[in-house]
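Scroll down for the structure; my scribbles are underneath it.
Residue numbers begin at 1 in each chain, while the letters A, B, ... track the order of the sequences. Owing to the predicted nature of the structure, the values given are computational and were not obtained by experimental measurement. Atom set for the values below is all heavy atoms of this structure, side chains included, hydrogens, waters and symmetry mates excluded.
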Number of protein chains: 2
Amino acid sequence: MDESTELLAVRVAELYYEENKTQDEVGALLGITRWKVGRLLTRAREVGIVRIEIIHPRARRLDVERQLRERFGLKDAVVVPLPADDEEVSPRVAQAAADYLAAVRPVPRSLGVSWGRTLDEVARLLAPGWTVGVQVVQINGGVSLNSKQGTAAQTAVTIAQKGHGQATLLPIPAILEQVETKRAIERDRAVASVRALGASASAYLYSAGVAGASSVHVDSGYLTEADVDELVAKGAVGDVVGRYIDSAGEIVDTALDERTVGIGLDELRAAEHAIFVVAGDAKHDVARAVVTSGLCSVIVTDEATAHALLEETT
Amino acid sequence: MDESTELLAVRVAELYYEENKTQDEVGALLGITRWKVGRLLTRAREVGIVRIEIIHPRARRLDVERQLRERFGLKDAVVVPLPADDEEVSPRVAQAAADYLAAVRPVPRSLGVSWGRTLDEVARLLAPGWTVGVQVVQINGGVSLNSKQGTAAQTAVTIAQKGHGQATLLPIPAILEQVETKRAIERDRAVASVRALGASASAYLYSAGVAGASSVHVDSGYLTEADVDELVAKGAVGDVVGRYIDSAGEIVDTALDERTVGIGLDELRAAEHAIFVVAGDAKHDVARAVVTSGLCSVIVTDEATAHALLEETT
DNA sequence: GCACAATCTGCTCATCTGAGCAAGCACCCC
DNA sequence: GGGGTGCTTGCTCAGATGAGCAGATTGTGC
């Protein structure tokens, strides 16, 4: 578009968008036909002279969502625009996840949830009465070795309460020290029934952790920093429902995995609704692993993460 | 607009503006009628959920312009949006003034110009061939006591050259030391004819200076800092074509004014096209004086100045 | 509980707008 | 100069849209 056309386009855009004149009037005013006015407006929008923005905390990036769906064969994707303030990213994503959950159709009768800071936020932001009579099941062992004890349970309970339903907890350690102990525990009737309930949930909601010193597993004492370093050395990018995966979405350390209580990755992969919530730049790698390996059917994330996933040169 | 309506509006806006669906389609998708969709869009625009911006260096603020015209009874007003960079303000305003000048109809046969940094910029940015055969006349005495000598002439000459016309200069001091000298000079045939030419110009283009130590008059030696301080004490807010005025647009110091060479303020007030160019926060006060006292019929300025003028609680 | 006002809703209709098309035009290569 | 080739222009026409209206709904004060 050359200089003078551009100037004309600006003039046209002003009269049309700011003065609310019709294309006809603008044309008459500037001595051009209304078709030319229409075309100039189209170009002005394309070129970026005219920018139309939707400014709202709950706004989404539908174009990016479509790309994600197509690229990774997802059932759905929710992408929230990046707020000006970094601090705002995770609340926005959590809010979006809460909104999404409340809008899932058919309404999930039972919901399998993992736990963590992200999910906790989702639970907090969920609208009271988001559904009626939901059965919430914890799908992986909860933290119980340290002070934050109870957060895992809290998340599930909050989601259940707000959905006028009830929560079924899995109040056992996330990772056990001996494979035998784990097997023994899983044979326990109570535990087994919770596992069964979890396995048959009509939807799953979970997040992912980054493999690093700040991992909840280190924080809560299940793993040492050295353990995590080793996992990273073996290619771990993060954990999903307590299980560490590499960039291909494969279990990194089968021995460790054998000691981990909770739903298996294959069960997630087979699920109808596996809603994955991730926010923040640190989680780009895990997010990519999850998405490319088909661990989720729905992703809820922020724009930066979405772009990181799409920029892949695959 | 309550929470849920707002959310709906966002959803509607996204589908309509980002996904380019028709209002009908959006309605079908969200289970509402197309009229409701239309109304939600209107509201979303009003409330600011949807913002339509025109991003271009030559863009203008037509709504503000209208307010200025109505409020001060101006024939016309040009307001440019504030660029992100403060440095950019005066070039933008100058560009707008140049554009405006080139577009004035009927085309001015003779143009009276003052001088200064602003006008110099306008001259530089004026498009070559902006008109044909214009007669440019300097309307107030030029700087001639210091190194910047010649800028005043330069401005007029540039404007004339680019308009394929010729410039008539007023190569005498802006302010003389004795009233008698001033009177004598004005009686000079050559000078008188220039003054007459200036008085009969079909349009005027000028700016204003701020009364302060940084004034061109101090800079060029016509006045001392003490002189200016005294003027300020008497209520001066700035100068227009070399004449210091107070906030009411009245001459502050008649004795000084008597020694000032050039067009009189009343001649400006009576002019058909008196185009006043001002940019920058420092000039809000002078701008207000000029505009409220009817010294100009057209103002070209930046958004901040325009708002300052309008915010007046009059 | 009732009447009134204010708002909201779905509608008709006139107007506005974009898709698609054929003619017009500039540019380019021979 | 001739004959493409690709872009621009003005047009038709169908579909999209907003103004204005009457009935429905909600809220409010008595």
**Item:** Length of the CG-P vector between B:Asn20 and D:dG15, whole Å
**Value:** 19 Å
**Prompt:** Which of these, A:Ile299, A:Leu205, A:Leu111, sits in a side chain to side chain contact (heavy atoms under 4.5 Å, CB included) with A:Ile275?
**Reply:** A:Leu205
**No-hydrogen, no-angle side-chain donor-acceptor test under 3.5 Å, B:Arg45 and B:Tyr17** = yes
**Item:** Selected nucleotide, minimal atom distance to A:Trp35 side chain, candidates C:dA19, C:dT17, C:dC11
**Value:** C:dA19
**Prompt:** What's the CZ-C1' distance between A:Arg45 and C:dG18, to the nearest Å?
**Reply:** 10 Å
**Complete:** From CG of A:Leu41 across to C1' of C:dA19 the rounded distance in Å is 16 Å
**Prompt:** Separation of A:Glu25 atom CD from C:dT15 atom P, in whole Å?
**Reply:** 13 Å
**Item:** Among D:dT9, C:dC8, D:dG18, the nucleotide that comes nearest once only the side chain of B:Arg43 is considered
**Value:** C:dC8
**Message:** Closer than 3.5 angstrom, by distance alone: can the side chain of B:Ser297 be matched with the main-chain N or O of B:Glu272 as a donor-acceptor pair?
**Reply:** yes
**Message:** Strictly below 4.0 Å, N to O, side chains only: are B:Arg66 and A:Glu19 in salt-bridge contact?
**Reply:** yes
**Asked** Under a 4.0 Å N-O cut-off, is there an ion pair linking A:Glu18 with B:Arg60?
**Response** no
**Prompt:** Can you name the closest pair of heavy atoms from B:Ile159 and B:Ala123 and give their distance?
**Reply:** CG1-CB, 3.6 Å
**Complete:** Among the nucleotides D:dA16, C:dG18, C:dC16, whichever has the atom closest to the side chain of A:Thr22 is C:dC16
**Item:** Whole angstrom value for the distance that separates P of D:dT17 from CG of A:Asp24
**Value:** 18 Å
**Asked** In whole angstroms, how far is the C1' atom of D:dT9 from the CZ atom of A:Arg34?
**Response** 13 Å
**Request:** Rounded off to whole Å, could you give me the CD1-to-C1' distance for the B:Ile32 and C:dC11 pair?
**Result:** 16 Å
**Request:** Using a cut-off of strictly less than 4.0 Å, decide whether B:Gln23 has a side-chain nitrogen or oxygen near OP1 or OP2 of D:dG15.
**Result:** no
**Asked** Does A:Thr33 have a side-chain nitrogen or oxygen under 4.0 Å from the phosphate oxygens OP1 or OP2 of D:dG10?
**Response** yes
**Request:** Specify the separation, in whole Å, of atom NZ of B:Lys36 and atom C1' of C:dC11.
**Result:** 15 Å
**Asked** Looking at residues 10-18 of chain B, who's got a heavy atom less than 4.0 Å off DNA chain C?
**Response** none
**Fill in**
Of the candidates C:dT17, D:dG10, D:dG20, the side chain of B:Arg39 sits closest to D:dG20
**Prompt:** Any salt bridge between A:Arg43 and A:Glu46, counting N to O under 4.0 Å?
**Reply:** no
